[in-house]
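Step one of this worksheet: look at the structure below.
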Amino acid sequence: MRYIVIIYYVLIEGEQVFETLNVNKNIEANSPEEAIGIAYNLFKAEAPDECYIVSIIPNPAS
């Protein structure tokens, strides 16, 4: 099944804090939990060290 995973994160640069979100579309997974794991690994591989995940939400793609 394909999932859309929305990752809310906080990026800290110096003394400034930026709140934003990242959407990874069309993640192939057998369950929402697997989709979260795949999205997390993709995101952390590219995220800077000053980036912290706040929430991860999977939604079945329609």
task: Can you sort out the partners of Glu34 under salt bridge (Lys or Arg N to Asp or Glu O under 4.0 Å), two or more places apart, ordered by chain and number?
output: none
statement: CD of Glu33 to OH of Tyr3, rounded to nearest 0.5 Å, is 8.0 Å
query: Atom CD1 of Ile27 and atom CZ of Arg2: how far apart are they, to the nearest 0.5 Å?
result: 11.5 Å
- line: Tightest non-hydrogen contact, residues Tyr52 and Ile12, listed as CE1-CD1, 3.7 Å
query: Can you name the closest pair of heavy atoms from Ala35 and Ala29 and give their distance?
result: N-CB, 3.5 Å
- request: Might you work through the side-chain contact (heavy atoms from CB on, under 4.5 Å) test for Glu28 and Ile38, ending with a clear yes or no?
  value: CA-CA 9 Å; Glu28 291 285 339; Ile38 292 168; over 6 Å; no
